[in-house]
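Chain identifiers are assigned alphabetically (A, B, ...) following the order of the sequence lines, protein sequences preceding nucleic acid strands; residue numbering begins at 1 within each chain. Just so you know, these numbers use all the heavy atoms, side chains as well, and skip hydrogens, waters and symmetry mates. Worth saying up front: this structure is predicted, and the values here are computed from it rather than measured.
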There are 2 protein chains.
Amino acid sequence: MMQLPQSYDLLVCNGEIAAPEVLNILAERAESVVCADGGANAAAALEIVPRTVIGDFDSMTEETRRYCEQHGVEMLHLTRQDDTDFEKALLLLRQRGTKHLVITGVTGKLLDHTLGNFSILLRYIRDFSIVLFDENFRMDVLTEGGRFTSKAGDRISVVPLAPAHDVVYQGLRYPLKGETLEAGLREGTCNEATGDAFEISFSDGVLLLFRPI
Amino acid sequence: MMQLPQSYDLLVCNGEIAAPEVLNILAERAESVVCADGGANAAAALEIVPRTVIGDFDSMTEETRRYCEQHGVEMLHLTRQDDTDFEKALLLLRQRGTKHLVITGVTGKLLDHTLGNFSILLRYIRDFSIVLFDENFRMDVLTEGGRFTSKAGDRISVVPLAPAHDVVYQGLRYPLKGETLEAGLREGTCNEATGDAFEISFSDGVLLLFRPI
């Protein structure tokens, strides 16, 4: 099914979670599962046992709390006001030496959270490789180009999180040949894969690559 | 109820629409209502008669099309590939001389659309004053500071769409005193109004101000 990093940790936050069958696979293949506060509700509902739940615990249900206690889950109760539960989890994972990170629940629901979370993510893109999942998309956070598998007709979007220069697409219906992608200047939504792989290259910047799950 | 510009046009797009009672008020007070393609479905469902529907018409239902025909709505069928229905609508409104614009349905649903639409919005911030509505928030697109009414305890978020400098808050629980707000550097989510008004000032940049509806 999904191409994932060979070894990664899974972080489950409290936003729009990947579909249950996808979350199950992501958790099964993960080295460890960490939940940020209310993200634990989604894990518990699927009987996924996280290694750690971290946060100020204002979004976890009483039922989830009992589930975690029964399964001996490590509970890190941090009430620092100057970072969110999401950032607390990223700091923990960085400290533990995580290199490849798959995250779900960091987008969706309240739009201010979604936009704020992307801002937080940008502070950690040198520490981890990061792939996000919501109900609709797999989103790779790209700090350099790459080759990606696809099916002809796949809807592909590319959104700049930081301005990217010399962007070149190969294998997409609407090619780019060295343009700049930058918010307010040019976005790359609703492209389409033409075959079983495509390539993106660019210099500088950060691109968010949307693919079907 | 809501503080709105004295005179504005309402644009309804195909994403997450304001609650029906809010959309009704927005439409009643508007000088004109323009729908981008599938946004007309939301208008027709509430028996709001738009002046114009614009787009490639791939998202409008047959029922909505009949409704529009029965009510003599202007139908601008444009199939240009190089802009989205949202941008087609913005171009039309700019051409018609709109100065103040209220938009709903430009966020939510698919995240690549939401992020792409913010990128498009940034191209038009010198042409219109813009206020967005989704189900949860009223979002003012700020290119300069201002004073805003509130209730003590209102959840207020400020997200930089373009880096904003010398940001000063007064009347919010966590004040800023000249800091920079910039994606990846510092975001301003989940603040709180302390009284019946607050002030934001800044130089350069674009801020998205989230307030309860």
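- Separation of atoms CD (A:Glu187) and CG (B:Asn117) is listed at 8.5 Å; rounding is to 0.5 Å.
- Most heavy-atom pairs under 4.5 Å with chain A, from the set B:Ala162, B:Ser157, B:Gly188: that is B:Ser157.
- For B:Glu144, the CD atom is loosely surrounded, since the number of other residues' heavy atoms within 6.0 Å does not exceed 12.
- The neighbour count for B:Asp196 CG, taken as heavy atoms of other residues, nucleotides or ligands under 6.0 Å away, does not exceed 12.
- Between A:Gly184 and B:Ser119 the shortest heavy-atom distance is N-OG, 2.9 Å.
- When B:Leu111, B:Leu185, B:Thr189 are compared by the number of non-hydrogen pairs under 4.5 Å with chain A, B:Leu111 comes out ahead.
- Separating the OG1 atom in A:Thr114 from the CG atom in B:Leu115 is a distance of 8.5 Å, to the nearest 0.5 Å.
- Within 6.0 Å of the CG atom in A:Asn24, the count of heavy atoms belonging to other residues, nucleotides or ligands exceeds 12.
- Comparing B:Arg155, B:Arg186, B:Glu182 by how many heavy-atom pairs each has under 4.5 Å with chain A, the most go to B:Arg155.
- Among the candidates A:Ile125, A:Leu110, A:Val159, the residue making the largest number of heavy-atom pairs closer than 4.5 Å to chain B is A:Leu110.
- Neither the backbone nor the side chain of B:Tyr124 comes within less than 4.5 Å of any heavy atom of chain A.
- If you measure heavy-atom distances from B:Glu16 to chain A, you find no contacts under 4.5 Å at all.
- Distance check, rounded to the nearest 0.5 Å: CG of A:Asn191 to CG of B:Asp112 gives 11.0 Å.
- Heavy atoms of other residues, nucleotides or ligands lying less than 6.0 angstrom from CD of A:Glu63 number 12 at most.
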